[in-house]
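Just so it is clear: chains get the letters A, B, ... in the order the sequence lines come, proteins before strands, and each one is counted from 1. Computed from heavy atoms alone, side chains included, the values below leave out hydrogens, waters and symmetry copies.
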Amino acid sequence: MTLHLYNTATRNISEFKPLQPGKVGIYLCGATVQAPPHIGHIRSGVNFDILRRWLMATGFDVTFIRNVTDIDDKILHKAVHEEIPWWAVAMKYERAFTDAYKALNVLPPTYEPRATGHITQMIELMKTLIEKGHAYAPGNGDVYLEVRSLKSYLTLSNQKIDDLQSAGDSEDTFKKDPRDFALWKAAKPGDPSWPTPWGPGRPGWHLECSAMAQAYLGETFDIHGGGLDLIFPHHENEIAQSEAAGYGFAKVWMHNAWVTTAGEKMSKSLGNSLQVHELTKRVRGIELRWYLGSAHYRSMLEFSFEALEESAVAFRRIEAFLDRAIELLGKTPEGIIASGFADAMNDDLAVPAALAFISETVKNGNNAISAQDMNSLSLAVSQVRGSLNILGCDPRDEAFSNSATSNTDAIDGLISLALQQREAARARKDFAASDAIRDQIAALGIVIEDTPQGPRWTVSK
RNA sequence: GGUCGGAUGGCCGAGAGGCGAGGCUCAGGACUGCAAAUCCUGCUACACGGGUUCAAAUCCCGUUCCGACCUCCA
């Protein structure tokens with residue numbers, strides 16, 4: 001089975017056929033950097049990171065572009081509110097996003113273009129759109145896209161222009177039609193601006209993505225992704241701009257669903273506690289990633305702290321298996337992709353089915369430990385590692401290595417001393433003494449387990 | 001009003017006409033000096049009402065409830 005993906009544009013799952021054999025271009029709508037990232041933002045990052053890793057693992061040369069929109073209304077408002085320059089706001093939150101991506105092992109994009117770095121491309125695009133008669137500059141410094149001049153509009157969200165609710169108070173009379181949207185906004189006093197043939201101003205919301213996608217992926221590219229709520233208006237407007245300019249634009253549109261709370265799209269009231277840097281205080285980054293990636297990307301993920309904790313426990317079970325197995329094998333088998341895992345991933349990234357495969361494999365591996373069947377065990381470890389790697393959750397990925405392990409040898413020596421005492425006590429059937437030693441060590445956060453190979457210790461998580 | 005999605009066991013979460021997804025929790029068992037870990041067994045659910053079918057959680061019709069978008073949205 002080859003990779004099949006759901007395409008929002010066609011509303012069905014179909015075989016993925018790259019424009020060029022062996023290559024894939026992906027454009028993911030990244031952050032508008034006006035607030036710290038919450039898990040909804042980062043779920044999108046994780047979902048598309050899994051797609052990217054899967055494409056890479058199956059032999060594609062992936063060009064992954066994830067933009068940063070570093071100029072928009074909210075950023076300007078925030079700058080006033082926080083009493084710092086708008087560009088300082090953008091940088092501050094861009095850094096917060098970068099930290100969050102890193103904490104969750106989201107691979108850095110091939111390139112991460114910023115809107116403000118592509119004003120030239122935006123102006124060129126607007127010139128083209130005006131030449132082709134699809135955009136107009138009414139003279140006040142704004143530039144609008146004339147949506148009724150397009151032969152098709154709203155094809156992605158399957159709406160009709162006249163069915164849209166009218167946009168509140170239509171004060172701006174510069175628009176030919178209330179549905180027309182701003183490609184470019186005339187400068188207001190105090191706002192940042194860039195010079196254009198139509199006067200100084202700044203980009204509207206949608207223009208940057210069309211300009212940057214074209215700049216890095218060409219006029220036609222394979223996959224465009226983002227959150228479900230970007231379908232309209234953002235992606236519709238991108239399509240409108242790009243197709244009006246004569247570009248083929250994206251072949252496949254993919255949208256991840258939300259993280260919800262109490263059945264609703266994540267509310268602002270919970271927003272703070274669901275910020276990535278808050279949740280990584282509660283669970284490790286790898287565990288948060290496991291949780292966010294565990295539901296199918298097109299399904300709503302109903303967030304709760306209980307579910308998060310449970311998910312982390314389930315992950316630790318897999319991690320503990322790897323620890324035991326690698327200890328027993330005396331080596332770390334490299335990851336491989338098993339067909340059971342591949343079949344799941346090829347089916348529109350059916351991660352839940354892939355997790356079932358991992359569970360089965362861990363069970364087989366644990367049985368292999370009992371049976372001392374090293375070949376089977378080695379295979380199980382390889383398959384689990386290979387699977388976890390695609391999900392970005394291989395505990396042995398260098399991304400998750402922490403410097404604390406440098407003390408391991410010293411700790412191991414100290415605990416070994418205590419364990420020798422305990423073994424001596426056990427040998428003379430003085431279980432009160434042996435249990436006391438175990439309890440004292442446990443009180444320090446270190447778990448002792450007796451195995452057929454002797455006692456082993458782990459730091460309780 | 002328009003467009004789109006959802007309702008699955010104690011909980012999370014897949015599936016989309018027939019073969020008990022999987023995980024977590026819980027109960028019992030094996031192993032163990034005891035733990036822990038692991039394994040085995042058990043808990044057979046699909047909002048409601050009709051219909052189609054040999055067979056429906058899945059398809060059709062209707063109903064209820066919940067949610068999203070409609071120019072700030074991951």
Side-chain angles (χ1 to χ4, degrees), chain A residues 8 11 28-32 34-35 37-48 72-74 77 147 154 156-168 178-182 204-206 225-234 236-237 255-260 262-266 268 291 294-296 298-304 306-315 317-318 320-321 323-324 344 347 350-360 362-363 365-367 369-371 426 429-432 434-435 438-439 442 447-452 455-456 458 460:
Chain A
T8 307
R11 313 264 169 186
L28 174 64
C29 282
T32 298
Q34 43 95 9
H38 57 62
I39 54 173
H41 296 120
I42 219 74
R43 180 188 186 192
S44 183
V46 168
N47 285 158
F48 284 97
D72 94 316
D73 293 352
K74 279 195 170 177
H77 290 151
V147 295
L154 306 178
L156 191 63
S157 58
N158 195 27
Q159 299 177 96
K160 295 187 176 72
I161 293 181
D162 295 313
D163 287 342
L164 295 183
Q165 267 178 3
S166 53
R179 321 294 181 196
D180 291 349
F181 61 90
W205 175 29
H206 317 291
L228 208 51
D229 44 1
L230 293 181
I231 292 175
F232 184 87
H234 186 52
E236 289 288 11
N237 290 352
H255 294 94
N256 63 279
W258 298 292
V259 176
T260 55
E264 296 179 21
K265 186 176 175 180
M266 235 169 60
K268 282 179 182 164
Y291 174 65
S294 64
H296 187 93
R298 286 191 286 116
S299 295
M300 303 292 172
L301 177 63
E302 173 63 23
F303 178 86
S304 71
E306 292 75 18
L308 175 63
E309 302 286 355
E310 280 183 8
S311 173
V313 167
F315 179 73
R317 182 173 171 275
I318 296 167
F321 159 71
D323 288 343
R324 279 194 305 276
D347 181 14
V351 171
L355 298 188
F357 169 80
I358 293 173
S359 291
E360 293 293 337
V362 167
K363 190 178 288 182
N366 278 321
N367 281 322
I369 290 177
S370 302
R426 292 182 75 202
K429 305 248 188 254
D430 182 357
F431 296 120
S434 74
D435 288 353
R438 184 171 63 195
D439 291 346
V447 178
I448 304 301
E449 294 169 31
D450 294 318
T451 76
R456 65 188 289 270
T458 47
S460 65

> Say you draw a straight line from CD1 of A:I161 to CZ of A:R179; how long is it, rounded to the nearest 0.5 Å?
Replying inline: 8.0 Å
I'd like a list of close polar pairs between nucleotides 6-9 of chain B and the protein, N/O only, cut-off under 3.5 Å.
none

>> Between B:C34 and A:R438, counting only base atoms on the nucleotide and side-chain atoms on the residue, is there a donor-acceptor pair under 3.5 Å?
In response: yes
> Counting side-chain heavy atoms from CB outward, which of B:U71, B:C11, B:A74 is closest to A:L230?
Replying inline: B:A74
> Of all heavy-atom pairs between A:S294 and A:V351, which one has the smallest distance, and what is that distance?
Replying inline: O-CG1, 4.1 Å
> With distance as the sole test, does A:R11 use its side chain to make a donor-acceptor pair with the main-chain N or O of A:L156 at under 3.5 Å?
Replying inline: yes
> Can you tell me how far P in B:U41 sits from the matching atom in B:A21, rounded to whole Å?
Replying inline: 15 Å
> Taking side chain as C-beta onward, heavy atoms only, is A:T8 less than 4.5 Å from A:R298?
Replying inline: no
>> Heavy atoms only, 4.0 Å cut-off, all strands: where does A:V351 land among base, sugar-phosphate and nothing?
In response: nothing
> Touch check for A:D450, heavy atoms < 4.0 angstrom, all strands: base, sugar-phosphate only, or nothing?
Replying inline: base
>> Closest approach to the side chain of A:E310, judged atom by atom: which nucleotide of B:G23, B:A74, B:C34 is it?
In response: B:G23
> Between B:C69 atom P and A:I231 atom CD1, what is the distance in whole Å?
Replying inline: 12 Å
For nucleotides 39-46 of chain B, list the nitrogen or oxygen atoms of the protein found under 3.5 Å from its nitrogen or oxygen atoms, one pair per line.
residue : atom : partner : partner atom : Å
B:C39   : OP1  : A:R317  : NH2          : 3.0
B:C39   : OP1  : A:N366  : ND2          : 3.2
B:C39   : OP2  : A:R317  : NH2          : 3.2

> Which nucleotide in the list B:U38, B:A68, B:C70 gets nearest to the side chain of A:W258?
Replying inline: B:A68
> Side chains of A:D323 and A:R456: closer than 4.5 Å at any heavy-atom pair?
Replying inline: yes
> Hey, does A:E302 reach any base, or is it just sugar-phosphate, or nothing, if we go heavy atoms under 4.0 Å?
Replying inline: sugar-phosphate
> Closest heavy-atom contact between A:G227 and A:S44?
Replying inline: N-OG, 4.4 Å
> Which value, in whole Å, describes the distance between the C1' atoms of nucleotides B:G17 and B:A56?
Replying inline: 6 Å
> Side-chain contact, heavy-atom cut-off 4.5 Å: A:E309 with A:E306?
Replying inline: no
> Between B:A37, B:A74, B:U71, which nucleotide gets closest to the side-chain atoms of A:E449?
Replying inline: B:A37
> For RNA chain B, what is the dot-bracket line, given that a base pair needs Watson-Crick (N1 to N3, plus N6-O4 or O6-N4) or G-U wobble (N1-O2 and O6-N3) geometry with both distances under 3.5 Å, and | means paired with another strand?
Replying inline: (((((((..(((.....[...))).(((((.......)))))....(((((..]....))))))))))))....
> So what does A:I448 hit on the nucleic acid, given a heavy-atom distance under 4.0 Å: a base, only sugar-phosphate, or nothing?
Replying inline: base
>> Looking at every non-hydrogen atom in both residues, tell me the closest pair between A:P352 and A:H296 and how far apart they are.
In response: CG-N, 3.7 Å
>> Among residues at least two apart in sequence or on other chains, which ones pass side chain to side chain donor-acceptor pair (under 3.5 Å) with A:S359?
In response: none
> Which is true for A:G226 with a 4.0 Å heavy-atom rule: it touches a base, it touches only sugar-phosphate, or it touches nothing?
Replying inline: sugar-phosphate
> Just how far is it from atom CG of A:L28 to atom CG of A:N256, taken to the nearest 0.5 Å?
Replying inline: 8.0 Å
Listing time: all N or O pairs from protein to nucleotides 14-18 of chain B that are below 3.5 Å?
residue : atom : partner : partner atom : Å
B:A14   : OP1  : A:H296  : N            : 2.8
B:A14   : OP1  : A:S299  : OG           : 3.2

> Is there side-chain contact between A:D450 and A:R426, with heavy atoms separated by less than 4.5 Å?
Replying inline: yes
>> Which is more 5' along RNA chain B, the nucleotide nearest A:V313 or the one nearest A:Q34? Just name the residue.
In response: A:V313
> When you compare B:C59 with B:A16, how far apart are their P atoms, in angstrom units rounded to a whole number?
Replying inline: 10 Å
> Rounding to the closest angstrom, what is the interatomic distance between B:U38 and B:C46 at atom P?
Replying inline: 31 Å
>> Going by the rule salt bridge (Lys or Arg N to Asp or Glu O under 4.0 Å), which residues pair with A:E302 if we only count those two or more places apart in sequence or in a different chain?
In response: none
> Does the side chain of A:V147 reach to within under 4.5 Å of the side chain of A:F181, using non-hydrogen atoms?
Replying inline: yes
> Would you say B:C4 has OP1 or OP2 under 4.0 Å from some side-chain N or O of A:N158?
Replying inline: yes
> Is the closest side-chain heavy-atom distance between A:T32 and A:K74 below 4.5 Å?
Replying inline: no
> When the ring planes of A:F303 and A:Y291 are compared, do they come out parallel, tilted or perpendicular, using 30° and 60° as the limits?
Replying inline: perpendicular
>> Categorize A:E236 for me: base, sugar-phosphate, or nothing, with a 4.0 angstrom heavy-atom threshold over every strand shown.
In response: nothing
>> Given the structure, check if the side chain of A:D435 and the base of B:G33 hold any donor-acceptor pair shorter than 3.5 Å.
In response: yes
